[in-house]
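Everything below concerns the one structure shown next.
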Amino acid sequence: MTEAPRRWDETACGVANCERCPALVDSRSQIVNGVGPTDADLLFVGEAPGANEDEQGAPFVGRSGDVLDEGLREVGLARRDVRITNCVRCRPPENRDPTTDERTNCRGYLDREIAAVDPELVITLGKVPAELLLDRSVAVTSEAGDIDELTVDGKHWRLLVSVHPAATLYDPSQRAVFESALQAAAEYTGDGGQSTLGEF
Ligand code: URA
């Protein structure tokens with residue numbers, strides 16, 4: 001049976017231009033929008049682009065991206081099966097955390113992307129997206145794998161907390177925490193974690 005074509009149209013999810021954050025306009029070389037199918041079951045949300053992402057114009061394409069890709073493969077998924085985005089779409093100077101104002105300025109774009117993709121599960125990678133979307137403080141390591149509820153404009157989605165892939169590079173004990181969060185996330189894909197599209 002022929003598989004239904006996936007929708008790759010980025011218009012509802014992407015931002016063509018934005019000048020809301022003066023420091024980020026100065027530090028970015030481009031806006032880094034989300035990538036992946038706009039009808040994905042899983043929507044991963046990271047913090048902000050780093051140097052590699054700023055250069056290549058896609059999220060999680062550096063070392064953290066390698067860890068994410070490897071983790072996805074281990075649970076039977078490929079990058080092309082999932083959607084990946086960030087809380088903030090422009091690289092902060094010196095890779096500092098995005099400020100509260102910057103997170104707020106970019107929040108509408110993220111909310112619009114969540115609503116457009118309408119995933120089965122939103123997975124937050126690290127503390128910044130978890131606390132932004134849940135609007136509370138989050139102990140990421142102890143809450144990793146827990147399912148919470150995300151509410152945007154009165155609509156609700158399941159949200160799973162995960163440690164950031166970079167955490168596994170600094171602290172190898174985080175690897176098992178990351179992997180079990182991905183394993184839990186894979187349960188929410190249409191086919192229970194078996195990629196229908198093969199390796200990316
Ligand atoms: N870390 C993030 O949080 N996002 C990226 O896109 C890359 C690294």
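Ligands are counted one by one from 1 in listed order, and the atoms in each one are counted from 1 as well.
- Each salt bridge (charged side-chain N to carboxylate O under 4.0 Å, His left out) pair with one or both residues in residues 53-68, not counting sequence neighbours, would appear here, but there are none.
- At least one donor-acceptor pair closer than 3.5 Å links the side chain of Thr99 to the backbone N or O of Glu102.
- When atom types are taken as modelled, the side chain of Arg83 and the backbone of Gly34 share a donor-acceptor pair closer than 3.5 angstrom.
- Take Phe178 and apply the ring pair (Phe, Tyr, Trp, His ring centres under 6.0 Å) test, not counting sequence neighbours, and it matches no residue.
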Full working for ring-ring contact (aromatic ring centres under 6.0 Å, His included) between His164 and Phe60
CA-CA 11 Å; His164 195 282; Phe60 285 95; 5.5 Å; yes
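- Identified under the side chain to side chain donor-acceptor pair (under 3.5 Å) test for residues 116-127, with sequence neighbours left out: Asp118-Trp157, Lys127-Glu131.
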For a distance cut-off of 3.5 Å, show me each N or O of ligand 1 paired with any protein N or O, plus the separation.
residue: ligand 1; atom: 1 (N); partner: His164; partner atom: NE2; Å: 3.2
residue: ligand 1; atom: 3 (O); partner: Glu47; partner atom: N; Å: 2.7
residue: ligand 1; atom: 3 (O); partner: His164; partner atom: NE2; Å: 2.9
residue: ligand 1; atom: 4 (N); partner: Ala48; partner atom: O; Å: 3.1
residue: ligand 1; atom: 4 (N); partner: Asn86; partner atom: OD1; Å: 2.8
residue: ligand 1; atom: 6 (O); partner: Phe60; partner atom: N; Å: 3.0
residue: ligand 1; atom: 6 (O); partner: Asn86; partner atom: ND2; Å: 2.8

